[in-house]
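Each chain gets a letter, A, B and so on, in the order the sequences are listed, and its residues count up from 1. From a predicted model like this one, the values you see are computed outputs, not experimental measurements.
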Amino acid sequence: MKVIIAEKPSVGREIARVFGATTKKDGYMEGNGYTFTWAFGHLLQLAAPQEYGYYGWSVQNLPMLPAKFKLAIRKVKTKDGMVDDPGVKKQLDIIKKLFDEATEIIVATDAGREGELIFRYIYYYLKCKKPFKRLWISSQTDEAIKDGFRNLKPGSEYDTLFNSAHCRSQSDWLVGMNATQALSLASGTRGVLSLGRVQTPTLAMICARYLENKNFVPQLYYQVAIYPDKDGQVFKAISEKNFKTREEAQAIIDLVTGEGHIQNVEAKPRKEPPPLLHDLSSLQQEANKRKGFTADQTLGLLQNLYEGKLVTYPRTGSRYIGDDVFAGVPDLIDKLNSHPEFGKQAAALTGAKLNKRCVNAKKVTDHHAILPTGVVPQHLSADHQAIYDLVAGRMLEAFHQDCIKEVTRITLLSGSKFIASGTVIQTAGWRAVFNDKDEEKKDEENVTLPKVTQGEDLQITEKVLLEKQTKPKALFNEASLLKALETAGKEIEDEELREAMKEGGLGTPATRAAIIETLLTRKYILREKKNLVPTETGLAVYEIVRHQRIAHAELTGTWEKRLEEIRSGGSVAAFQEEIKTYTRAITQELLQAGKSFKAPVAI
DNA sequence: GCAAGGTC
């Protein structure tokens with residue numbers, strides 16, 4: 001008997017279906033001589049410190065450097081503390097039984113570093129010795145699955161991938177557990193002051209932005225506005241220059257004559273291509289902007305829709321689909337014909353030539369972009385419907401035509417130069433789907449200008465001296481933070497590190513919402529309206545670690561570079577030694593620096 | 001009591 005193991009039930013069942021295996025069992029399926037089972041993501045994790053004899057939290061234990069890491073069943077929090085997750089334990093027992101009966105195992109976990117780790121942890125924990133082969137596919141269409149099975153790879157080809165995954169896992173444990181205990185113990189507070197490769201740079205970004213915003217000194221500057229009249233239609237034009245002093249601006253306003261001479265009119269059409277399909281992060285950002293949902297709420301709602309088979313896999317980092325999936329898109333659009341909000345747009349797209357900007361198999365990673373499945377939703381809650389509509393609406397947008405705008409820029413002379421600019425949508429294209437106002441342009445600039453011609457002289461109806469202030473960068477909200485996490489590392493000077501982070505940024509699509517929640521749970525940050533702002537605790541932690549490596553995205557860049565080297569055959573031992581050295585160093589530093597932790601005043 | 005990673 002051959003046993004196929006997938007990362008999650010949806011994939012396991014999908015592969016079973018392609019094989020024509022229809023017999024449903026508890027935790028697996030079988031048919032045609034194959035058995036199809038699955039994990040639920042990571043079933044196993046590196047064991048907690050006490051499993052290596054490091055009892056309690058004690059400076060004597062630090063740094064904790066287990067000679068050999070152990071695996072433990074994933075835990076859940078209950079009122080009696082952390083216990084083995086019963087569902088996970090049950091599934092592991094099922095997998096064990098199937099592996100025991102197997103002649104061969106086929107590994108069908110996701111094609112990536114963590115997918116490899118999910119399987120290997122199970123395999124080694126169960127002390128399984130059966131031979132295994134690897135299915136490596138990046139699309140789950142019937143053809144891709146069949147093709148993958150015709151090209152199964154020897155399991156050992158992925159040993160170095162497992163090595164890199166295991167190193168990632170151990171390194172996060174070593175640095176995170178030790179740094180957390182060191183800071184918590186040294187600070188003299190009783191609480192947990194957690195630190196980690198991802199959460200600490202995230203906290204640092206929020207704190208740095210908050211302080212920058214708070215300490216920002218606005219600069220005053222001045223502009224002159226004039227209001228020319230074209231056949232009764234009055235519009236606004238602003239001085240070409242900004243002025244540092246009121247006097248300079250006053251000198252300009254004094255020069256304004258009763259007339260404005262049209263020196264130049266530029267009217268250019270501008271094509272605006274449709275947005276790409278959603279990946280998890282872009283959807284979380286959109287839902288935060290439009291609906292005020294947190295990243296965590298959006299992920300939860302989307303997971304429910306996925307379990308109801310209404311949308312495709314949610315935790316994707318790709319905004320593209322392959323040609324195979326694209327083939328099904330016309331049907332998906334057709335299914336939206338009766339949608340109350342988008343029905344008309346769906347109908348308009350039916351039979352039209354579809355924009356293929358988001359069709360690119362090379363840019364599909366483990367999973368493709370989020371799409372509706374074509375199953376028509378019924379009785380969704382308002383929140384679920386809102387998320388569903390963002391997915392469905394985005395699909396219509398993505399395959400729609402360009403939006404064509406006309407951007408007009410009028411230059412007037414009235415003593416000095418003045419500029420009026422405006423944008424008019426000529427053909428809505430994809431923007432017809434949600435029919436919102438143009439978000440890029442603020443209302444002031446997004447105006448219709450009258451038709452004027454070069455050489456015309458217009459009467460100036462009014463002139464005004466404007467006093468303005470420079471503005472600080474906005475505080476982070478969930479949407480802008482998610483974006484910042486995605487692009488973290490883009491500014492790193494070292495080219496190789498920047499390159500190593502290019503794909504991922506900080507964290508992964510599946511974990512970013514959880515990172516934000518961790519910072520909230522630790523009371524490092526608070527939600528203040530839509531903004532994320534640091535608490536006094538968060539700022540005090542930031543103050544201690546801000547100049548250390550653990551507070552910067554570069555740490556992830558360094559690791560990613562080394563992990564890639566390991567994947568292509570580089571030394572595991574050398575990296576592990578470096579991590580140990582770093583762990584010793586950061587533990588010592590924090591035991592010292594943590595003493596100056598200024599406990600916030602208790603409320 | 002603690003990381004980051006995956007998922008129900």
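- Taking 4.0 Å as the cut-off between side-chain N and carboxylate O, A:Glu564 and A:Lys561 do not count as a salt-bridged pair.
- Among the heavy atoms of the strands lying under 4.0 Å from A:Asp110 are primed sugar atoms or P, OP1, OP2 only; no base atom is included.
- For DNA chain B, the residues of residues 186-198 of chain A within the heavy-atom distance limit of 4.0 Å (strictly under) are A:Arg190, A:Gly191, A:Val192, A:Ser194, A:Leu195, A:Gly196, A:Arg197, A:Val198, sorted by number.
- For A:Glu307, the side-chain atoms get nearest to B:dC8 when compared with the rest of B:dC8, B:dC2, B:dT7.
- Residues that satisfy the side chain to side chain donor-acceptor pair (under 3.5 Å) test with A:Gln588, not counting sequence neighbours, are absent from this structure.
- A:Ile579 has its CD1 atom 14 Å from the P atom of B:dA4, to the nearest Å.
- A salt bridge is defined here as a Lys NZ or Arg NE, NH1 or NH2 lying under 4.0 Å from an Asp or Glu carboxylate O, and A:Arg549 with A:Glu554 fails to meet this definition.
- As judged by a 4.0 angstrom heavy-atom cut-off over every strand, A:Glu114 is placed among residues touching the sugar-phosphate backbone only.
- In this structure, the nucleotide among B:dG5, B:dC2, B:dA3 sitting nearest to the side chain of A:Thr508 is B:dG5.
- Residues meeting the ring pair (Phe, Tyr, Trp, His ring centres under 6.0 Å) test with A:His278, sequence neighbours left out: none.
- For the pair A:Thr511 and B:dG5, the criterion of a side-chain N or O lying under 4.0 Å from OP1 or OP2 is met.
- Remark: P of B:dA3 and OH of A:Tyr582 are 15 Å apart, rounded to the nearest angstrom.
- Base engagement by A:Gln45 is indicated by at least one non-hydrogen atom pair under 4.0 Å involving a base atom.
- Within the 4.0 angstrom heavy-atom criterion, base atoms lie near A:Gln50.
- We find that CG of A:Leu301 is positioned 16 Å from P of B:dC8, with the value rounded to whole Å.
- Salt bridge annotation for A:Lys24-A:Glu30: absent, with no cationic side-chain nitrogen under 4.0 angstrom from a carboxylate oxygen.
- We find that NE2 of A:His42 is positioned 12 Å from C1' of B:dA3, with the value rounded to whole Å.
- Counted within 6.0 Å of NZ on A:Lys8, heavy atoms from surrounding residues, nucleotides or ligands total more than 12; the atom is thus considered enclosed.
- Nearest to the side-chain atoms of A:Arg168 among the listed nucleotides B:dT7, B:dG5, B:dG1 stands B:dG5.
- Considering only side-chain N and O atoms, A:Arg315 lies under 4.0 angstrom from the phosphate OP1 or OP2 of B:dT7.
- The residue A:Arg522 sits close only to the backbone: its heavy atoms come under 4.0 Å of sugar-phosphate atoms, none of a base.
- As rounded to whole Å, 15 Å separates atom C1' of B:dA4 from atom CG of A:Leu44.
- Applying the side-chain hydrogen bond (donor to acceptor under 3.5 Å, both in side chains) definition to pairs two or more places apart or across chains, those involving residues 175-188 of chain A are A:Ser187-A:Thr189.
- Residue contacts shown for A:Phe119 are absent, as no nucleic acid heavy atom lies under 4.0 Å away.
- Heavy-atom distances under 4.0 Å link DNA chain B to no residue of residues 554-569 of chain A.
- Residue A:Glu517 contributes atom CD, which lies 16 Å from atom P of B:dG5 at whole-angstrom precision.
- Residue pairs meeting the side-chain hydrogen bond (donor to acceptor under 3.5 Å, both in side chains) criterion with at least one partner in residues 81-92 of chain A, sequence neighbours excluded, are A:Asp26-A:Lys90, A:Thr37-A:Gln91, A:Lys75-A:Asp84, A:Lys89-A:Asp93.
- Regarding contacts with the backbone of B:dG5, every side-chain N or O of A:Arg120 stays at 4.0 angstrom or more from both OP1 and OP2.
- Whole-Å rounding puts the A:Leu174 CG to B:dC2 P distance at 18 Å.
- Where stacking is scored as ring centres under 5.5 Å apart with planes under 30°, A:Trp173 does not register as stacked on the base of B:dA3.
- A:Lys309 places its NZ atom 12 Å from the C1' atom of B:dC8, with the value rounded to the nearest Å.
- Annotation: salt bridge (Lys or Arg N to Asp or Glu O under 4.0 Å) contacts of A:Arg113 (sequence neighbours excluded): A:Glu560.
- With sequence neighbours excluded, no residue satisfies salt bridge (Lys or Arg N to Asp or Glu O under 4.0 Å) with A:Lys70.
- Of the two residues contacting DNA chain B, namely A:Ala510 and A:Tyr54, the nearest-nucleotide position lying further toward the 5' end is that of A:Tyr54.
- At the phosphate of B:dG1, neither OP1 nor OP2 sits under 4.0 Å from any side-chain N or O atom of A:Gln181.
- Sorted by first and then second residue, the side-chain hydrogen bond (donor to acceptor under 3.5 Å, both in side chains) pairs involving residues 40-65 of chain A (not counting sequence neighbours) are A:His42-A:Glu114, A:Ser58-A:Gln60.
- Along DNA chain B, the nucleotide nearest A:Thr180 and the nucleotide nearest A:Leu299 are compared for position; the residue whose nucleotide lies closer to the 5' end is A:Thr180.
- Note on A:Pro9: only backbone sugar-phosphate atoms sit closer than 4.0 angstrom, heavy atoms only; bases stay farther off.
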